[in-house]
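Residue numbers begin at 1 in each chain, while the letters A, B, ... track the order of the sequences. Predicted model, so just to flag it, every value in this text is computed and none were measured.
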Number of protein chains: 2
Amino acid sequence: MAATASGQNGVVTDDAPRRGRPRTVGADEAILTATLDVAREVGFRGMAMDVIAERAGVSKATIYRRWASKEALVLEALRRAINPLDDADLGSVRADLTTYLGNLAERMATGNMADVLPHLIEWSVHDPQLRAQLDDYVAHRRRPLVAILQRGVERGEIRDDVELDTMVDAFVGPFIYRKLLTGAPIGAGFVDDLLDLLIPTITA
Amino acid sequence: MAATASGQNGVVTDDAPRRGRPRTVGADEAILTATLDVAREVGFRGMAMDVIAERAGVSKATIYRRWASKEALVLEALRRAINPLDDADLGSVRADLTTYLGNLAERMATGNMADVLPHLIEWSVHDPQLRAQLDDYVAHRRRPLVAILQRGVERGEIRDDVELDTMVDAFVGPFIYRKLLTGAPIGAGFVDDLLDLLIPTITA
DNA sequence: GATTTACGATACTGGTCGGTTCAGTATCGT
DNA sequence: ACGATACTGAACCGACCAGTATCGTAAATC
């Protein structure tokens, strides 16, 4: 989607020294960061390209030389912002869940996507490309959790008469609910409470 | 907030017959309904007053004679759309929860607010008035559930070592998560699964 | 009938924003 | 030095939109 030939994942050994003035290094970075910052603050619709340009310390023309449209820019900025949570396997379900949910709580508080989420959800309602991006984000969050629970089932620690998907919903749902609706704090205390509540339920 | 003197809750015995042509009856209704319909489809930012006027079969001037601004109109439309879920008290926690969550599932599928929710959440991020409206909505959803669980605690059916608020989050969270993020179906099956999963947890 | 108020239709104002274009300048290879 | 490419700054276009103004008309009271 990016107009640049410098690869799709940031730093790439881009040999073949072309003629003419090279592109300002770090401009892509600055623009993408500014894009996400502005999106965080005012959402995608309220976000003006002039503001992004100013924030990135770059001319608006420069942006349009590197991305075809506002939408293309937003899509790449989002793609870059999705950092998968990794799955620890500490031996016990409780330990795995504690670390996973702890990371999730931290991301909810300080993560890249946290403040963009409301805007992303809204836009994705009628934009298939954004919707796909959101699905990707959701999948990245669910995958490790499914793995944790799956291991628990295989070890006989977890009952196998309930859909794994429903269990995942029971763990992640409360976080999303607090983040988007109630605004209640999401900290270590909440994680502990939730585990105290849910662990007895899922154990075989 | 409404410019009209006809009261704040729709039909009011509006005596004191004023002179001149009376306001077209049902126009308020039509306008508020159209507002919510359009909001459902394109969100609050994408919603043009001309479209609302046309949809309501009304001139734009008529709208501005009754409401001071787009924001005032939206606020009243939202206020009207919040219908509280009622709390049954069927004697057992399981029965109460079944009916409550069943109603919740139905609202998520066909309710007034369901499709507006993403837009409302987005706007409320930086608009205190919208935020207040959203808080009101959330409170209306939580209240009956808290009552159900509270009764369960008093009857000794439910353990009292976990915050009630956390329990509520555990029940409502999965619904919100599915509605806003995963898009997974929210039907009777999901309600049953969730109850099978959570009931053992909360019982004393 | 005169007055008063609400109405539809439509045009208009003022502002915002995505995207384009261009002149002048900077920085690279050759 | 020269051509090629990138960058800034700014002007500019076209679309969209909230809100206002106007005008002729409909429906009520007096």
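To the nearest angstrom, P of C/dT10 lies 11 Å from CD of B/E54. In this structure, CZ of A/R66 is placed 18 Å from P of C/dG19, rounded to the nearest angstrom. Spacing between atom CD1 of B/I63 and atom P of C/dA6 amounts to 16 Å, rounded to whole angstrom units. Rounded to an integer number of Å, the gap from B/L73 CG to D/dG19 C1' is 13 Å. We find that CD1 of A/I52 is positioned 13 Å from C1' of C/dG19, with the value rounded to whole Å. Remark: C1' of D/dC7 and CZ of A/R21 are 5 Å apart, rounded to the nearest angstrom.
Contact annotation: B/R19 side-chain N/O to C/dT5 OP1/OP2 distance is not under 4.0 Å. For the pair A/T24 and D/dC7, the criterion of a side-chain N or O lying under 4.0 Å from OP1 or OP2 is met.
Environment of CD in B/E41: crowded, with over 12 heavy atoms of neighbouring residues, nucleotides or ligands closer than 6.0 Å.
With the nearest nucleotide of DNA chain D identified for both B/G20 and A/P22, A/P22 has the one nearer the 5' end.
Scored by the side-chain contact (heavy atoms from CB on, under 4.5 Å) test, B/A114 finds B/K179 as partners (sequence neighbours excluded). Residues passing the side-chain contact (heavy atoms from CB on, under 4.5 Å) test with B/D192: none are found, sequence neighbours excluded.
For the pair B/R151 and B/D96, the salt-bridge criterion is met [side-chain N within less than 4.0 Å of a carboxylate O].
Distance check, rounded to the nearest 0.5 Å: CG of B/L180 to CE of B/M108 gives 7.5 Å. Taking CD of B/Q133 as the reference point, atom CE of B/M113 lies at 7.5 Å (rounded to 0.5 Å).
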The dot-bracket string of DNA chain C, counting Watson-Crick and G-U wobble pairs with both distances under 3.5 Å, using [ ] for crossing pairs and | for pairs to another strand, is ||||||||||||||||||||||||||||||
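A heavy-atom distance below 4.0 Å to DNA chain D is reached by none of the residues of residues 31-42 of chain A.
Ring centroids of B/Y100 and B/F171 are separated by 6.0 Å or more, keeping the two rings apart.
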Just distance, no hydrogens or angles: give the donor-acceptor pairs under 3.5 Å from side chains in residues 140-149 of chain A, sequence neighbours left out.
unit_1	atom_1	unit_2	atom_2	d
A/H140	ND1	A/D136	O	2.9
A/R141	NH1	A/N83	O	3.4
A/R142	NH1	A/D169	OD1	2.9
A/R142	NH1	B/Y177	OH	3.2
A/R142	NH2	A/D165	O	3.4
A/R142	NH2	A/D165	OD1	3.1
A/R142	NH2	A/D169	OD1	3.3

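With A/T24 contributing its side chain and A/A27 its backbone, the two residues share no donor-acceptor pair below 3.5 Å.
No donor-acceptor contact under 3.5 angstrom links the side chains of B/R55 and B/T33, judged on distance only.
Ring geometry for A/H119 versus B/H126: interplanar angle under 30°, hence parallel rather than tilted (30 to 60°).
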Heavy-atom protein contacts under 4.0 Å, nucleotides 8-18 of chain D, coded B base, S sugar-phosphate only, - none = BB-------SS
